[in-house]
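Worksheet: the structure to be examined is printed underneath.
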Amino acid sequence: MLETATVTVSIRNLSRSFGQVKAVDGVDLDIFSGEFLTLLGPSGSGKTTVLRMIAGFEKPDSGSIYLGGKDVAQLPPYERDVNTVFQDYALFPHMDVLSNIEYGLRVQGVEKSQRKSRAEKALAQVRLEGFGDRKPAQLSGGQRQRVALARALVNKPSVLLLDEPLGALDLKLREQMQIELKELQREVEITFVFVTHDQEEALTMSDRIAVFNHGKIEQLGTPREIYENPLSPFVSEFVGQTNRITLAGKQINLRPEFVTISKSSKSGDRSMSGVLRDAIFVGASTRYLVDAENGDTIVSTRPIGEIQVGDQVQLSWESKKEFLV
Ligand code: ATP
């Protein structure tokens, strides 16, 4: 983050319970102007409730939310300088695409010709020129998603809140939209707060990630920091895969892609022998499961040379890639 970055959303000691469930438990978070910040966590960890409180759909039990320096706790959603994009898009089925996009401007009393030119610009931003007179039912899932985005962008909010917006798309389209959405965010320079439970999606798109667990932020950092230096067992297991290895009486953690496996050669200042138990093909890579000499099962995705199940093998890695949590 630039040192000159200004804070757009500031959250302090935010809490919200539903009956016995502490959905959000004392959250502090500063979100910078123009950043792509992701709230990542398993189902039920409180991410959506935080997003809904920023939007104004849900009231905090305690704590504060500042938007652009202004305390918004008592303001209704429409008086906050934010827009929300939902997973189910929430488009009006009886209106064509352009009218859907214009809707917010019409409510604000923006005059007709301005409405049209702003809506057309938003359509172009999401690469849907020429689709203005279609009805939502005549669009694919990905196109509907873009209309929902355009409808939010046209209001030029200072913050866009996105609640699992790609959740309804199939994997291929989802991956394509991740890249498009990130590019769009750079282009429009609006602060994006994005909710997902998908760690790969979070790593791909975010400037920073807040990892949620049981209503609290367990770690906040760049994708690289979160992946390479997880500060708790929960974060290391939720974000990526981790080997837990016993070394000289200590437990260390190591990502599978940093473990080399070979019949003879070594790479790195640590090594261990073992027997290759299984090789599991998972598309882009193969996961090699090794019964190591210390009794642990270690997973590697970096083979050197030919190896067969049952072979005696060497595992090796750089000690600087190990992390303790
Ligand atoms: P998901 O990815 O499944 O949406 P989440 O991390 O966004 O999960 P929240 O939706 O914020 O989690 O929910 C946090 C907790 O609060 C959950 O235990 C949930 O059941 C509970 N909760 C959320 N909204 C309500 C509500 N309106 N009434 C009762 N309980 C609720």
Side-chain angles (χ1 to χ4, degrees), residues 9-31 35-65 67 72-77 80 82-90 141 144-145 148-149 152 159-171 173-175 177-178 181 191-206 208-221 223 226-227 230-240:
V9 184
S10 185
I11 293 173
R12 288 292 172 275
N13 206 12
L14 191 67
S15 294
R16 175 73 160 111
S17 295
F18 297 101
Q20 297 298 308
V21 179
K22 271 210 146 187
V24 177
D25 188 5
V27 164
D28 291 317
L29 179 62
D30 281 336
I31 304 172
E35 90 169 314
F36 195 122
L37 184 113
T38 296
L39 312 180
L40 171 70
S43 181
S45 57
K47 345 178 263 299
T48 300
T49 305
V50 168
L51 200 78
R52 289 173 58 80
M53 288 193 281
I54 300 173
F57 299 129
E58 203 76 69
K59 276 218 178 331
D61 294 335
S62 58
S64 54
I65 300 174
L67 278 174
V72 296
Q74 300 310 318
L75 295 182
R80 303 183 184 202
V82 302
N83 265 106
T84 308
V85 177
F86 299 99
Q87 179 174 349
D88 61 4
Y89 318 138
R144 260 179 248 160
Q145 173 53 246
L149 262 172
V159 180
L160 193 61
L161 306 171
L162 303 108
D163 191 3
E164 302 250 3
L166 310 181
L169 307 177
D170 64 52
L171 183 65
L173 188 55
R174 188 175 175 134
E175 288 175 350
M177 284 298 290
Q178 288 169 3
L181 199 56
T191 309
F192 275 31
V193 185
F194 186 93
V195 164
T196 185
H197 61 268
D198 181 329
Q199 47 108 7
E200 253 184 59
E201 186 159 290
L203 293 171
T204 306
M205 302 178 78
S206 320
R208 288 189 307 157
I209 301 172
V211 184
F212 275 72
N213 188 20
H214 295 306
K216 293 182 195 290
I217 294 179
E218 197 142 318
Q219 189 168 352
L220 174 67
I226 299 273
Y227 188 79
L231 298 177
S232 71
F234 171 79
V235 175
S236 81
E237 268 152 45
F238 191 70
V239 183

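By convention here, the first residue in the shown sequence is residue 1. Whatever order the structure lists ligands and atoms in, that order sets their numbers, starting from 1. Keep in mind that the numbers below use all heavy atoms, side chains included, and drop hydrogens, waters and symmetry copies.
When each of I209, V27, D25 is checked for a side chain to side chain contact (heavy atoms under 4.5 Å, CB included) with I217, only V27 meets the rule.
For ligand 1, residues of the protein lying within 4.0 angstrom by heavy-atom distance are F18, V21, A23, P42, S43, G44, S45, G46, K47, T48, T49.
Between T196 and L166, every side-chain heavy-atom pair lies at or beyond the 4.5 Å cut-off.
With sequence neighbours excluded, the residues satisfying side chain to side chain contact (heavy atoms under 4.5 Å, CB included) with S17 are K22, D61.
Within 6.0 Å of atom CD in E200, 12 or fewer heavy atoms from other residues, nucleotides or ligands are found, so the atom counts as exposed in its surroundings.
One side chain, S10 or D30, offers a donor N or O that lies under 3.5 Å from an acceptor on the other.
A pairwise comparison of heavy atoms in I54 and V82 identifies O-CG2, 4.4 Å as the closest pair.
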